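Quick note: residue numbers are just sequence positions, from 1. Here the structure is a predicted model, which is why all the values come from computation and not from measurement. The basis for the numbers below is simple: all heavy atoms, side chains too, and nothing from hydrogens, waters or symmetry mates.
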Amino acid sequence: KGNCNVAFVGLWRSMYSFRIKDTRAPMLVGSMPENGAVGVSPDTTLVLKFDEEVVVVDGSSGKVIFTPQDGTSSAIEVDISGVAVDSSDAKKVVVSLGSGNKLESTPVAVEYEVTMSAGMVKDKAQTANMFSGIPSGELRFTVKDTEDPYIYYFSVLNRVFEEPCL
């Protein structure tokens, strides 16, 4: 009972509601292709999976860069126009290489490293919790070779042929 001899009736559900401020930036929890994957198609689309719903930051000058580790091929840079939240799952971000671009497909498999600038993605909550990006060494995969193996050397009755056999 209170000071006026009135009994306290208690609180009921939804009488008060509280929200805890989101202070943590989104974290990358997976990707497709996965880190360390081999045999990836050269025309793959990269999908990044986050631990919370995210949005792409309009006007970001950042880039997602696919850098081949063979030392001979050029890197592919994707600006913000090639980055979008998956329409069916706001925890996924799709990185498209764009028309005419694809990962290097050579007779030998090529490993790619993917990096992403900070500030291209943030959490969906009305906060400024920016994703810190993907640093060098965190995400790599290998694109499959594009040619079937063939015999380029064989010997018949002690004669040597060094022409490609198709």
Side-chain angles (χ1 to χ4, degrees), residues 8-147:
F8 176 66
V9 294
L11 301 175
W12 56 92
R13 181 179 287 199
S14 75
M15 183 175 184
Y16 294 99
S17 64
F18 300 93
R19 291 188 185 249
I20 299 173
K21 184 177 179 181
D22 181 2
T23 59
R24 193 179 53 76
M27 293 176 50
L28 185 66
V29 295
S31 66
M32 193 63 184
E34 295 176 343
N35 185 36
V38 295
V40 175
S41 172
D43 57 354
T44 192
T45 298
L46 177 65
V47 178
L48 303 172
K49 175 83 171 158
F50 292 91
D51 66 336
E52 62 180 304
E53 292 184 347
V54 295
V55 294
V56 173
V57 178
D58 290 331
S60 171
S61 61
K63 295 188 184 306
V64 178
I65 302 174
F66 295 79
T67 306
Q69 302 299 295
D70 64 358
T72 62
S73 304
S74 299
I76 297 174
E77 296 184 358
V78 179
D79 65 16
I80 198 71
S81 66
V83 181
V85 174
D86 186 315
S87 60
S88 64
D89 185 352
K91 291 183 177 183
K92 293 180 180 177
V93 170
V94 179
V95 180
S96 300
L97 296 177
S99 64
N101 286 330
K102 66 180 190 176
L103 303 175
E104 188 71 28
S105 54
T106 65
V108 180
V110 177
E111 181 182 41
Y112 280 84
E113 176 178 75
V114 178
T115 55
M116 181 180 198
S117 303
M120 292 183 77
V121 174
K122 72 179 197 87
D123 62 17
K124 191 173 181 177
Q126 297 298 321
T127 63
N129 298 328
M130 297 286 187
F131 174 57
S132 61
I134 302 173
S136 178
E138 189 172 310
L139 178 56
R140 290 181 178 219
F141 57 83
T142 303
V143 174
K144 66 182 174 184
D145 56 355
T146 57
E147 291 185 16

Determine whether Lys122 and Val55 satisfy the following criterion, side-chain contact (heavy atoms from CB on, under 4.5 Å), listing intermediate values before the conclusion. CA-CA 6 Å; Lys122 72 179 197 87; Val55 294; 3.7 Å; yes
Close side-chain approach of Val143 and Ser41, heavy atoms under 4.5 Å: no
Using 0.5 Å steps for rounding, measure from the NZ atom of Lys124 to the CG atom of Asp22. 13.0 Å
Got a second to check how far Thr23's OG1 is from Asp123's CG, nearest 0.5 Å? 9.5 Å
Rounded distance [0.5 Å steps], CE in Met27 versus CZ in Phe50: 11.0 Å
CE on Met130 to OG on Ser60, rounded to 0.5 Å: 8.0 Å
Working note: Ile134 + Leu48, criterion side-chain contact (heavy atoms from CB on, under 4.5 Å); need CA distance, chi angles, decisive distance, verdict. CA-CA 10 Å; Ile134 302 173; Leu48 303 172; 4.0 Å; yes
OG1 of Thr142 to CD of Gln69, rounded to nearest 0.5 Å, is 9.5 Å
Rounded to the nearest 0.5 angstrom, the NZ-CD1 distance for Lys63 and Ile80 is 10.0 Å
Least distance between heavy atoms, Ile65 atom then Ala75 atom: CG2-CB, 4.0 Å
The test is side-chain contact (heavy atoms from CB on, under 4.5 Å); show your working for Met120 and Val93 and say whether it passes. CA-CA 11 Å; Met120 292 183 77; Val93 170; over 6 Å; no
Smallest heavy-atom separation, Thr44 atom then Leu97 atom, equals O-CD1, 3.9 Å
If you apply the rule side-chain contact (heavy atoms from CB on, under 4.5 Å), what do you find for Arg24 with Asp51, and how did you get there? CA-CA 11 Å; Arg24 193 179 53 76; Asp51 66 336; 2.7 Å; yes
Smallest separation among heavy atoms of Val40 and Pro33, with atom names: CG2-CB, 3.7 Å
Is there a side-chain contact between Phe131 and Val57 (heavy atoms, below 4.5 Å)? no
Val85 and Val54 have their tightest heavy-atom pair at CG2-O, 3.5 Å
Tightest non-hydrogen contact, residues Glu138 and Leu28, listed as OE2-CD2, 4.0 Å
Sub-4.5 Å side-chain heavy-atom contact between Val29 and Lys91: no
Sequence neighbours left out, what passes side chain to side chain contact (heavy atoms under 4.5 Å, CB included) with Asn35? Give chain and number order. Leu139, Arg140
Ignoring hydrogens, what is the shortest heavy-atom contact between Ser96 and Val78? Give both atom names and the distance. O-CG1, 3.4 Å
